[in-house]
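Every chain is numbered from 1 and lettered A, B, ... according to where its sequence line falls, protein lines coming before strand lines. Remember, it's a predicted structure, so these values are computed and weren't measured experimentally.
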Amino acid sequence: MDQSVEEKWQKRWAESHVFEPDMDSARKKFMITVPWPYTNGPLHVGHGRTYTLADIIARYKRMTGYNVLFPMAFHQSGTPILAFSERIRLNDEKTIRQYRENLSEYEEPENIDAIIESFKKPENIAAYFSERIVKDFTSLGYSMDWTRRFTSADPFYQDFVVWQFNRLHDKGLIKSGRYPVLYSIDDQNAVGEDDISDGDIDKVTIEEYTAVIFKGTEYSLVAASLRPETIFGITNLWISPSGDYVLVEMDGEKFAVSREASEKLALQHDDVTVIGSIRNSQILSQEFTAPISGRKLKVYQAEFVDPDNGTGVVYSVPGHAVWDFVAMKEYSLDVDPVTIIDVPSDPGITVQSLVSQAGISGVSDSDLIKEATQKLYKEEFYSGKLNGYNGKYSGMTVQQARDSIRDDLFAQKLGFIFYETSRHATTRAGSKVVVSVMKDQWFIDYSVPWWKKLSHELVGRMFYYPEFYRNAMNDAIDWLRERPCARRRGIGTRLPFNREWVIESLSDSTIYPAVYTNSTQLREIFRLLGRIPEEIMDFIYGSGDRSSLSGFDVAVQDLAREARRSLEYWYGVDIRLTAHPHLSNHLSFYVMNHAALFPENLQPRGLIISGLVISNGAKISKSKGNAISLLRISHRYSADLYRLFVAVNADIASTLDWNEDEIQAVRKKYETFLALVSNRQHDAGFISTQIESWFESRFNQHLEEYFQGMEKFDLRGAIISIFYEVMNDIRYVEQRGGNTGYAISRILDRWIQALAPVIPHTCEELWESMGREGFVSTTIMEKDNPGPVDQEILSAEKYLQKVIQDIRDIIKATSIDPATIEISVCGSEMRKLALMLGENRVSEATPRLKPFIGDYMKNKRNIDTSVSGEAAILRESLTYLEKTFQCQVNITENSPVPGKKIAWPGRPVITLKPSS
RNA sequence: GCGGAGGUUGCCGAGCCAGGUUAAAGGCGACAGACUCAAGAUCUGUUUUCGUAGGGAUUCGCCGGUUCGAAUCCGGCCCUCCGCACCA
């Protein structure tokens with residue numbers, strides 16, 4: 001459909017408020033939600049898929065009698081919006097270029113600069129993109145209720161989050177403790193992914209090293225390792241020839257580490273003092289003792305040692321570390337690699353074999369070495385065992401030994417935890433990013449057993465599509481431990497028990513769908529009181545006990561009571577639909593927080609988890625430039641085409657590939673549909689034949705399949721049945737010489753209704769053009785009564801097609817070009833015999849018919865007594881048969897002659913007579 | 001390694017839970033024909049293989065088993081993808 005037509009209907013829907021439901025205790029409710037979008041930029045086709053699927057379901061449920069609530073709000077919490085805004089203030093070219101490009105889809109070129117200028121205030125970014133998203137969603141025809149819209153930055157919503165956290169705290173689920181974070185040295189502040197240069201493309205994570213202490217006579221050396229289990233394989237130590245080393249004092253001990261490492265240590269441990277610098281030659285002249293093994297070690301210099309990684313001191317395990325092995329060879333050092341780990345499943349995996357396989361010639365092949373290191377690391381970690389050289393650790397798996405050796409090192413004060421970033425990183429402003437340990441980080445403690453138990457019970461009660469995600473959810477819940485739930489900065493709600501902290505953006509968005517049910521009332525209460533007191537929140541979302549309202553105005557009390565009623569009516573989200581990457585974070589928090597805070601009747605009922613969208617086989621990402629924005633979709637393809645594509649081109653659970661070829665294929669079908677329906681015509685006096693009745697029965701069958709599919713959320717199957725298959729049938733009617741206009745007109749109302757959830761604009765337009773009153777979107781379909789199916793007509797048509805196929809097969813096998821086709825159908829006498837034999841009443845056959853029993857047995861497989869009146873069926877379609885084969889067709893009744901071909905029910909004798 | 005999903009005819013992708021009606025839906029592509037001055041669109045047919053009669057043979061990752069009968073059930077193996085965590 002034309003874009004202007006789509007806009008017309010979007011406008012009419014909005015003006016008539018048809019998607020803004022009220023409570024109605026007489027009707028069953030259905031609440032469906034999709035996680036709210038983050039408002040720092042435009043959404044792309046990938047986001048659109050989940051919202052579109054949800055809208056199709058919402059529309060379908062609405063049209064099968066439910067009171068449907070499909071609300072939407074916006075997420076603004078966290079640092080990204082702040083970070084983007086700050087980058088614009090700093091005139092970061094990349095960011096500005098990206099926004100310029102985003103905006104060029106929406107705005108006139110002359111306005112763009114002013115808008116970007118306004119983005120220097122973060123709230124303007126959020127406000128701008130919220131509006132854009134509303135428009136994008138509207139332009140795709142979503143039947144959302146926007147009247148309940150709010151954002152995670154709205155003060156009344158933050159009062160709700162405060163209530164939530166106080167309740168979690170009451171239940172003992174909030175804790176505080178030490179925790180490592182990414183930290184900017186210059187800014188003296190924690191940083192998030194969005195503050196880090198290229199943080200979105202190349203993610204920075206925190207890695208937990210084991211710092212191992214090598215005792216010396218005057219001071220010790222500290223090397224940080226990810227693989228403490230290799231301690232028995234240590235042959236020597238490395239330092240950097242170009243690094244500056246310093247002596248630090250920590251816990252009463254003196255360590256030599258790189259200057260960079262001393263800064264990091266100071267951020268991670270209390271009471272770290274730098275005593276002074278120390279010359280490399282001084283270190284090289286000393287010997288140090290390896291812990292546990294007690295081995296004496298020399299120190300060498302190696303170029304690959306980075307003073308700004310770990311402690312700037314590396315212990316060398318040439319038997320199991322590619323770097324060490326390559327360096328040892330290159331410097332021709334007099335050390336013997338020791339093999340201390342065996343990989344029984346793949347004994348070929350050794351440092352030596354990997355180095356030769358990869359063709360590594362020296363330490364300069366750093367990429368090859370990194371690759372080989374990863375491979376070795378993974379193999380040894382998952383399948384490795386410590387061999388007999390490992391003292392009391394011999395025989396342990398690598399995973400066991402790692403923990404065990406680490407614990408022993410810590411216990412003997414020969415080691416401690418050292419955090420390091422997974423790569424070198426700076427903030428967008430250029431300040432170095434390191435790991436710092438926060439002393440009073442707040443957590444939500446998802447490990448509490450009673451909580452896990454409640455959550456598993458909830459998972460057990462919920463509906464899952466696809467079902468296998470139920471297990472995945474249980475696993476995710478088991479995996480969850482303490483989660484930091486607050487940050488020092490970012491948009492969001494202040495932690496009520498320590499207002500220096502801001503609640504982290506996933507943690508403030510777990511039970512928010514509850515607010516959809518009554519945001520209108522909350523907003524009003526907030527307006528009247530300037531805040532929403534705890535007692536009121538507790539009444540609405542918690543106890544429902546009216547006595548807690550007694551201190552408030554009647555107006556406030558009324559609002560609170562309505563809010564509570566609304567929650568009780570709507571809540572329990574029936575379906576929450578999102579893509580699978582959310583499972584192990586948002587969705588598991590969603591489930592667990594509801595399990596902790598709400599009674600059973602207000603808990604989630606079901607989850608639908610969709611696959612991702614890829615574009616031409618590749619993952620969609622902004623940096624790849626293949627992120628197609630949603631607005632461009634409705635402009636370029638039309639909303640209905642996009643919706644149809646999303647519904648039909650992949651099952652909800654599968655990955656959907658967005659590519660032009662497939663879209664064009666769907667477009668062709670869609671246009672064929674439009675042409676069929678718009679150009680249909682038939683005379684009032686037209687008398688129908690069998691084929692139109694056949695079509696109607698087929699349609700009713702497809703409609704039933706459609707309802708069955710939709711009810712179990714197999715949207716793809718349902719739409720294929722009601723769209724593709726019905727169109728194939730229309731084509732068949734045409735081919736059979738039937739009157740398609742008449743056939744379509746018999747089913748058109750119901751057809752348009754069934755398609756309306758998927759292509760609503762098109763259907764409204766057609767509905768109106770048919771002279772129907774009101775919106776097709778608000779009509780109710782009788783899903784329990786799809787219409788009669790005449791099996792006799794269906795099997796008659798099937799029989800005809802079988803005969804045609806047989807004739808084709810014979811033509812193909814014989815290469816005869818027939819001038820006449822004789823079809824000799826089974827007579828009543830033989831039919832009786834077949835029925836008799838079919839019931840094993842052989843003895844009743846008359847002597848005259850007995851000779852045919854052998855032939856019956858031979859052809860048994862192909863005999864079908866379910867069709868009666870074969871001759872009549874064929875005669876009625878004689879013209880069609882003659883047209884199909886371009887020759888004369890004669891229908892006769894077979895009189896059986898022993899030794900000749902015999903016609904049986906469902907299997908006439910076919911004879912081709914060539915022309916010459 | 002653990003957990004999950006999956007391997008189907010040129011490609012995509014159903015079927016598998018409830019075994020036979022399955023050479024295996026549908027779409028795409030390819031080929032042939034109709035239409036057209038032509039191309040495109042549309043329609044028809046073909047698209048594992050053999051076959052001068054509607055039939056036969058072989059096929060659903062591999063190997064075995066259950067069964068009158070298996071793409072579908074059971075056991076083993078191989079391979080691919082996703083998750084294994086605090087990140088929105």
Side-chain angles (χ1 to χ4, degrees), chain A residues 35 37-38 40 75 77-80 179-182 192-194 199-200 203-206 343 345 378-384 397-399 441 443-444 446 466-476 478-485 490 504-507 509 580-586 588-589 611-612 617 648-651 653-655 657 659 661-662 664-666 668-669 671-672 675 714 716-717 720-721 723-725 728 731-732 734-735 798 802-816 818 859 861-862 864 866 883-884 886 901 907-912 914:
Chain A
Y38 193 71
N40 69 326
H75 196 207
S77 308
T79 50
Y179 201 79
V181 295
L182 293 173
E193 178 180 306
D194 307 283
D200 50 341
K203 219 163 131 172
V204 180
T205 54
I206 295 173
V343 182
S345 57
K378 207 177 160 186
E379 274 306 314
E380 292 188 343
F381 179 68
Y382 288 125
S383 345
T397 66
V398 166
Q399 297 180 52
Q441 174 68 51
F443 302 96
I444 298 179
Y446 286 107
E467 170 61 31
F468 64 77
Y469 279 115
R470 184 191 306 277
N471 279 335
M473 179 59 85
N474 277 321
D475 288 346
D478 284 334
W479 288 330
L480 284 177
R481 299 201 291 261
E482 296 96 349
R483 179 191 166 82
C485 65
E504 175 271 336
S505 57
L506 273 180
S507 302
S509 303
H580 68 77
H582 284 138
L583 187 99
S584 64
N585 43 64
H586 166 70
S588 49
F589 302 154
L612 292 172
V648 138
N649 252 49
D651 177 74
S654 319
T655 305
D657 190 11
N659 70 73
D661 288 351
E662 303 266 354
Q664 291 316 324
V666 175
K668 276 197 293 198
K669 287 287 167 199
E671 281 169 358
T672 306
D714 174 15
R716 180 171 188 261
I720 284 178
S721 192
F723 188 66
Y724 283 76
E725 290 184 5
N728 286 349
R731 212 160 61 192
Y732 181 68
E734 194 174 9
Q735 186 200 331
K798 223 172 176 176
K802 165 77 174 125
V803 171
I804 289 173
Q805 192 55 52
D806 283 349
I807 296 172
R808 283 210 177 101
D809 284 348
I810 298 169
I811 291 174
K812 206 181 127 205
T814 59
S815 308
I816 292 171
N859 288 297
R861 260 189 64 195
N862 292 305
D864 174 12
S866 69
K883 202 184 100 203
T884 303
Q886 297 287 308
K901 279 213 156 209
R907 186 150 174 101
V909 172
I910 296 164
T911 315
L912 304 190

Check this for me: does the side-chain of A:Asp806 come within 3.5 Å of the base of B:rG54 through a donor and an acceptor? yes

Can you tell which of A:Ile910, A:Val909, A:Thr911 makes a side-chain contact (heavy atoms from CB on, under 4.5 Å) with A:Lys901? A:Val909

Has A:Gln805 got a side-chain N or O lying under 4.0 Å from the OP1 or OP2 atom of B:rA53? no

Name the orientation class of the two ring planes belonging to A:Phe443 and A:Tyr179 (parallel below 30°, tilted from 30 to 60°, perpendicular beyond 60°). perpendicular

For A:Arg731 and B:rC43, is the shortest distance between a side-chain N/O and OP1 or OP2 below 4.0 Å? yes

Expressed in whole Å, how much space separates the P atoms belonging to B:rA88 and B:rG13? 33 Å

Check whether any side-chain heavy atom of A:Ser505 lies under 4.5 Å from a side-chain heavy atom of A:His75, and answer yes or no. yes

Would you check if A:Asp657 and A:Glu662 make a side-chain contact, meaning some heavy-atom pair closer than 4.5 Å? no

Picking from B:rA41, B:rA53, B:rG27, the nucleotide nearest the side-chain atoms of A:Ala813 would be B:rA53

Does B:rG55 have OP1 or OP2 under 4.0 Å away from a side-chain N or O of A:Arg907? yes

Kindly point out which of B:rG51, B:rA88, B:rA41 is positioned nearest to the side chain of A:Lys668? B:rA41

Expressed as a whole number of Å, how far does the P atom of B:rG10 sit from that of B:rC68? 33 Å

Assuming nearest nucleotide by heavy-atom distance, tell me which of A:Asp651 and A:Arg808 is located more 5' along RNA chain B. A:Asp651

Carefully, step by step, assess A:Asp714 and A:Arg716 under the rule side-chain contact (heavy atoms from CB on, under 4.5 Å). CA-CA 5 Å; A:Asp714 174 15; A:Arg716 180 171 188 261; 4.1 Å; yes

Considering only the P atoms, how many Å lie between B:rG6 and B:rG15, rounded to the nearest integer? 10 Å

When the C1' atoms of B:rA32 and B:rU80 are compared, how many Å lie between them, rounded to an integer? 38 Å

Nearest-angstrom distance, P atom, B:rA23 to B:rA71: 9 Å

Of A:Asp475 and A:Glu734, whose nearest nucleotide on RNA chain B comes first from the 5' end? A:Asp475

In whole Å, what separates the C1' atom of B:rA14 from that of B:rA24? 10 Å

Who pairs with B:rU21 - Watson-Crick or G-U, where each distance is under 3.5 Å: none

Work out how far the P atom of B:rC16 is from that of B:rU66, and round it to whole angstrom. 25 Å

Could you work out the separation of B:rU59 and B:rG40 based on their C1' atoms and round it to a whole Å? 37 Å

Report the nucleotide, chosen from B:rA53, B:rG27, B:rU47, that has the shortest atom-to-atom distance to any side-chain atom of A:Ile816. B:rA53

